[in-house]
2 protein chains.
Amino acid sequence: MLELAILGFLHDEPLHGYELRKRIAALTGHVRPIADGTLYPAIKRLERAGLLGRDLQPGTLAAPRHVLTLSPAGRGELLRRLREPEELFLTDENRWFTLLAFLRHLRDPAEQATVLRRRLTFLTQPASFFWDGDRPLRAADFDDPFRQGLFTIATATSRAEIRWLRDTLALLESDG
Amino acid sequence: MLELAILGFLHDEPLHGYELRKRIAALTGHVRPIADGTLYPAIKRLERAGLLGRDLQPGTLAAPRHVLTLSPAGRGELLRRLREPEELFLTDENRWFTLLAFLRHLRDPAEQATVLRRRLTFLTQPASFFWDGDRPLRAADFDDPFRQGLFTIATATSRAEIRWLRDTLALLESDG
DNA sequence: CCAATATAGCTTGCCATCGATATATATCGA
DNA sequence: TCGATATATATCGATGGCAAGCTATATTGG
């Protein structure tokens, strides 16, 4: 998730670590903050893998900046991760939202549509929590108000997203 | 998250690991599967901390079962975690949903309401991603359809949950 | 009778993340 | 001038999660 965000932000423009830190905080930090001790090792990891380049810049404001650039291999890796996301990126909301934030980088509408279709398949497939064997559960089937809420919220959420997915898929198909 | 789920399920009744594994899978496995290599060490951890007891039962179907029981200390710890959840449990959906699934164990409506109010505060507080400095963003402010979607879905989701939170808070307050 | 599957539990090695801590520089207000 | 804050990067130890593999037994279907 973090690596995807790093690659995704750097696809737009080179950034130094501190700026990257702020952008990531603005994107997902509200929900799940990223510690410094997570970000910098992640940058090193991507750098060692040849996905990032680094240029030293004398500090304009404070300590010297390390400007990070996405290498061609990095761009390829980003597109690969967007095109063929692992299952977790389709089921876990945090990861899925991160992916969605950068899906525009995948220029081909057909490829974008393929990813959205996989998410749609996941969302329209029944969640085990909401089934009692073969019988679909309703909010009234839960005796406590909190599980009722869980159900109500999950249903509303998934309905809103399914609607958006269908609309957007129609749009992408009419484009391509 | 996993530890909360273990303690939460065992509050209802003693269970052996395999059954626990299935219940957790039914609750959150759809979105985020739990590996065996994660569950069993977590059980040991809680056991070592004195939160769980263990009784050997000759296998009724296969290998002998280790029936796990919530100790008084374990019950205390569960209630503490429900009553005073860490920030991450209020912001991260996965964790929040897990917490919600067991919030009924906190018997006092006033305490339950306090937790819901903290979530409401988080949800009604503006997310940095959706603000440009002081200006709130609208879906039309995003140029690509995927970030538009992100915004649309997040808004719909949060609206549905806020409505439920307000309704349920009213209910809890009228009860207590 | 044999293979597959379900039940049942556990370990090991690897890797990612977190919290704490360290180091420096520039700016701004008291 | 001193402390606070913002900018900027990095390391380290502990923890926790994951994939893979291991060991059993009982049932079911071919």
Side-chain angles (χ1 to χ4, degrees), chain A residues 1-7 10 14-26 28-29 31-49 51-68 81 86-89 91-92 94-95 98, chain B residues 1-7 10 14-26 28-29 31-49 51-68 81 86-89 91-92 94-95 98:
Chain A
M1 203 175 81
L2 175 58
E3 293 185 0
L4 186 68
I6 295 173
L7 298 174
L10 291 182
L15 296 169
H16 54 276
Y18 196 74
E19 177 61 28
L20 206 44
R21 195 182 158 297
K22 282 195 292 182
R23 302 229 179 161
I24 291 167
T28 60
V31 163
R32 204 164 169 26
I34 291 298
D36 269 22
T38 307
L39 175 63
Y40 287 105
I43 290 173
K44 292 232 157 160
R45 219 155 54 225
L46 296 173
E47 208 187 344
R48 265 199 309 277
L51 309 182
L52 262 46
R54 181 187 294 240
D55 291 298
L56 254 295
Q57 232 185 32
T60 43
L61 276 170
R65 293 172 168 176
H66 297 219
V67 177
L68 305 165
R81 291 191 194 197
E86 282 169 38
E87 199 60 20
L88 245 191
F89 275 84
T91 61
D92 183 278
N94 295 161
R95 287 167 212 256
T98 305
Chain B
M1 201 175 82
L2 174 57
E3 292 184 0
L4 186 69
I6 294 173
L7 298 173
L10 292 181
L15 296 169
H16 54 277
Y18 195 75
E19 178 61 27
L20 204 45
R21 195 182 158 297
K22 282 196 293 181
R23 302 229 180 162
I24 291 169
T28 59
V31 162
R32 207 165 167 28
I34 292 296
D36 267 24
T38 306
L39 176 63
Y40 287 105
I43 291 173
K44 292 233 157 158
R45 219 156 52 225
L46 296 172
E47 207 186 346
R48 264 199 310 274
L51 309 182
L52 262 46
R54 181 187 295 240
D55 293 298
L56 255 293
Q57 233 185 32
T60 45
L61 275 169
R65 292 172 169 178
H66 297 221
V67 177
L68 304 165
R81 292 192 194 197
E86 281 169 38
E87 200 59 20
L88 246 191
F89 275 84
T91 61
D92 184 277
N94 294 160
R95 285 167 213 255
T98 306

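Note on naming: letters A, B, ... go to the chains in the order of the sequence lines (proteins, then strands), and numbering restarts at 1 for each one. Nothing here was measured: the structure is a model prediction, and the numbers come from that model.
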Rounded interatomic separation in angstrom, taking [atom1] from [X] and [atom2] from [N]:
{"X": "B:Ile6", "N": "D:dG16", "atom1": "CD1", "atom2": "C1'", "result": "12 Å"}
{"X": "B:Leu20", "N": "C:dT7", "atom1": "CG", "atom2": "P", "result": "15 Å"}
{"X": "B:Asp36", "N": "D:dA20", "atom1": "CG", "atom2": "C1'", "result": "11 Å"}
{"X": "A:Asp55", "N": "D:dT9", "atom1": "CG", "atom2": "C1'", "result": "16 Å"}
{"X": "B:His66", "N": "C:dT11", "atom1": "NE2", "atom2": "C1'", "result": "14 Å"}
{"X": "A:Arg23", "N": "D:dA8", "atom1": "CZ", "atom2": "P", "result": "13 Å"}
{"X": "A:Met1", "N": "D:dG17", "atom1": "CE", "atom2": "C1'", "result": "15 Å"}
{"X": "B:Leu39", "N": "D:dG17", "atom1": "CG", "atom2": "C1'", "result": "12 Å"}

Enter the distance from [X]:[atom1] to [Y]:[atom2] here, rounded to the nearest 0.5 Å.
{"X": "B:Arg81", "Y": "B:Leu7", "atom1": "CZ", "atom2": "CG", "result": "5.5 Å"}
{"X": "B:Glu86", "Y": "B:Leu4", "atom1": "CD", "atom2": "CG", "result": "10.5 Å"}
{"X": "B:Leu2", "Y": "B:Leu20", "atom1": "CG", "atom2": "CG", "result": "8.0 Å"}
{"X": "B:Arg95", "Y": "B:Arg32", "atom1": "CZ", "atom2": "CZ", "result": "8.0 Å"}
{"X": "A:Met1", "Y": "A:Leu88", "atom1": "CE", "atom2": "CG", "result": "11.0 Å"}

#### Entry: Heavy-atom closest pair, residues B:Tyr40 and B:Tyr18
OH-N, 4.1 Å
### Task
Give B:Gly17 one of three labels, base, sugar-phosphate or nothing, depending on what nucleic acid heavy atoms sit under 4.0 Å from its own.
sugar-phosphate
Distances under 3.5 Å only, N/O to N/O: pair up the protein atoms with those of nucleotides 3-7 of chain D.
| unit_1 | atom_1 | unit_2 | atom_2 | d |
| --- | --- | --- | --- | --- |
| D:dT7 | OP2 | A:Tyr18 | OH | 3.1 |

### Query
Knowing that exactly one of A:Ile43, A:Leu46, A:Thr98 qualifies, which makes a side-chain contact (heavy atoms from CB on, under 4.5 Å) with A:Glu3?
A:Leu46
### Query
Hey, which of these two, B:Thr38 or B:Leu88, hits DNA chain C nearer its 5' end, going by closest nucleotide?
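Looking at DNA chain C, the more 5' nearest nucleotide goes with B:Thr38.
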### Message
At a heavy-atom distance below 4.0 Å, what parts of residues 40-48 of chain B sit against DNA chain D?
### Response
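Under 4.0 Å from DNA chain D: B:Arg45.
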### Message
Let's go through B:Glu19 and B:Lys22 carefully: what are the C-alpha distance in whole Å and the side-chain angles of both, what is the deciding distance for salt bridge (charged side-chain N to carboxylate O under 4.0 Å, His left out) to 0.1 Å, and is it a yes or a no?
### Response
CA-CA 5 Å; B:Glu19 178 61 27; B:Lys22 282 196 293 181; 3.8 Å; yes
### Message
Going by purine N1 to pyrimidine N3 plus the second Watson-Crick contact, or the G-U wobble pair, all under 3.5 Å, which nucleotide sits opposite C:dA26?
### Response
D:dT5
### Task
Answer yes or no: is there a side-chain heavy-atom contact under 4.5 Å between A:Leu68 and A:Leu15?
no
